[in-house]
Amino acid sequence: MTVTINGKAHQLSTAPDRPLLDVLREDLGLTGTKYGCGEGQCRACTVLLNGKPVTSCLTPARLADGKSITTIEGLATGDRLHRVQQAFLDAEAMQCGYCVPGMILRTVSLLEVTPHPTDAQIVEALDGNLCRCCGYVRILAAVRRAAQTTDGGLPHAE
Amino acid sequence: MDNFEYANPSTVKEALSLLTAGAEVLAGGTDLLSLLKDEVHKPKRLVNIKNIKALGGISKAGNNIRIGATVTLDELASSQLIRAAYPSLVQAALGITSPQIRNMGTVAGDLCQRPRCWYFRSGNGLLNKSLVENGENKYHAIFGTGSAQFVSASSLGPALMALGATVKIAGADGKTKDVPVAQFFKAPSAEGEREIALAANEIVTDILVPAPATKNATYEVRHKQALDWPLATASVALRMSGTKVTSASITLGHVGPTPVRATEAEKMLVGQTITADSAEKAGAAAVAGAKPLSQNAYKVQLAKVAVKRALLTAAGVKAV
């Protein structure tokens with residue numbers, strides 16, 4: 001199958017029963033996408049499939065055939081972080097960091113559709129992205145901060 | 001998870017020919033992949049129907065609105081056609097958390113998903129009445145039928161049933177049939193029987209929701225505001241003449257092995273104006289026949305309140 005990952009076309013061959021998450025982490029070494037629960041409950045494995053957030057642990061790899069995927073590794077441009085990544089750093093929004101790739105990708109897709117979300121819209125959008133450190137207050141602050149900065153979009157979105 | 005073969009047909013006909021013994025339909029995969037990982041389902045082949053163009057889209061079709069089987073929950077909740085006529089469906093779809101699941105999960109998948117009963121999900125069967133009665137049962141049925149004490153997990157089913165919708169099914173012989181949503185769900189009487197009227201070699205192709213519009217709403221009660229399954233829902237559709245109800249359709253969700261029609265409550269409301277008082281009485285009538293298990297009497301109250309609030313929302317009456 002052919003998949004565009006972070007703007008680069010990949011020819012992949014994989015058994016049909018493997019989740020997209022395993023292919024990203026094990027075959028392509030893109031370990032920024034995290035395995036949390038494996039059953040779609042925690043959103044740590046969120047990636048953008050054709051620009052929309054999905055849980056890669058519940059996505060059979062073959063469903064990505066012909067599609068475009070953005071992982072956390074695809075957000076920065078060279079050494080310059082994506083504005084959402086920078087906002088999460090500036091707001092010190094991570095403790096262990098495990099949920100953060102999923103949080104950031106969900107935020108990127110939120111801001112594409114809703115550039116100036118209310119707090120209620122942020123909470124609704126991140127509903128289901130679990131943070132085991134319970135750092136939700138700072139995560140909310142990071143999303144607010146990201147919405148206030150205007151530079152930088154999603155480099156590889158279609 | 002056992003190995004399986006993956007098939008990627010582009011027409012319904014091709015998909016049906018691939019649905020031989022041991023094959024299952026894959027659409028959003030949000031429920032199916034969990035079932036595979038828990039080894040509750042062990043298909044030999046998955047037939048992906050997401051690339052069949054004829055199964056997508058929402059459109060007007062005569063007096064109906066046609067919703068394609070593989071329309072995602074996000075597409076449903078964002079559709080102007082649906083938002084204008086069926087707030088009940090939008091409310092039911094938005095109750096399905098979270099955004100990721102709504103981007104993946106499909107309308108037909110919501111109807112066809114398996115129950116969340118933890119005895120079923122841990123490989124102890126769907127109809128294990130003694131485990132349910134003697135074990136943890138706080139999320140089980142208050143309207144159980146025989147050994148079927150699980151609750152239907154569908155969020156759209158109760159709303160579609162109250163709206164009088166029909167499921168269109170294509171079979172292996174090339175024939176199609178229309179099944180009212182009320183008959184699509186059934187309580188199985190033997191282990192291995194499905195809880196929906198869909199054979200293994202059939203595919204749901206469309207859902208037809210009749211116009212003209214009613215005043216309709218869905219109200220969901222869950223344990224917490226964030227990501228969770230509903231504890232009880234009520235979906236209502238009212239036909240009105242001025243402020244008086246001429247006919248009412250009320251369906252409870254997540255309280256029985258199928259969506260539960262509240263016919264007594266429906267009858268009571270005919271000729272009435274929807275007020276906090278009449279809505280409250282309809283709620284009480286809707287749960288009058290409930291038979292809670294040892295740990296779930298609280299769901300009776302939740303279902304009652306859900307009916308009251310759905311009625312008030314549909315009629316545009318401010319709750320007090």
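Chain letters run A, B, ... following the sequence lines, proteins first, then strands; residues in each count from 1. What you see is a predicted model; the values in this text were computed from it and never measured.
The side-chain contact (heavy atoms from CB on, under 4.5 Å) with B:L26 is formed by just one residue from the set B:V47, B:N48, B:I49; it is B:N48. Of the options A:T70, A:L24, A:T59, A:N6, a side-chain contact (heavy atoms from CB on, under 4.5 Å) to A:V47 is made by A:L24 and by none of the others.
Only the side chain of A:N129 has a heavy atom closer than 4.5 Å to any heavy atom of chain B. Contact annotation for A:L126: neither backbone nor side-chain heavy atoms come within less than 4.5 Å of a heavy atom of chain B. Heavy-atom distances place no part of A:R18 under 4.5 Å from chain B, backbone and side chain included. Looking at B:D2, the atoms closer than 4.5 Å to chain A (heavy atoms on both sides) all sit in the backbone: N, CA, C or O. Contact annotation for B:A7: neither backbone nor side-chain heavy atoms come within less than 4.5 Å of a heavy atom of chain A. For A:T46, the part lying near chain B is the side chain, with the backbone staying farther off; criterion is any non-hydrogen pair under 4.5 Å.
Two residues are said to be in side-chain contact when any heavy atoms from C-beta on lie closer than 4.5 Å; A:Q11 and A:T2 meet this criterion.
A donor atom on one side chain and an acceptor atom on the other are found under 3.5 Å apart for B:D110 and B:S154.
Top candidate by heavy-atom pairs under 4.5 Å with chain B, chosen from A:G40, A:P16, A:S109, A:G128, is A:P16. Among A:R43, A:E39, A:Q41, A:K52, the residue with the largest count of heavy-atom pairs under 4.5 Å with chain B is A:R43.
B:D31 and B:R121 are joined by a salt bridge, as a carboxylate oxygen and a charged side-chain nitrogen come within less than 4.0 angstrom of each other.
Every residue meeting the side-chain contact (heavy atoms from CB on, under 4.5 Å) condition with A:T31, not counting sequence neighbours, appears here in chain and number order: A:R25.
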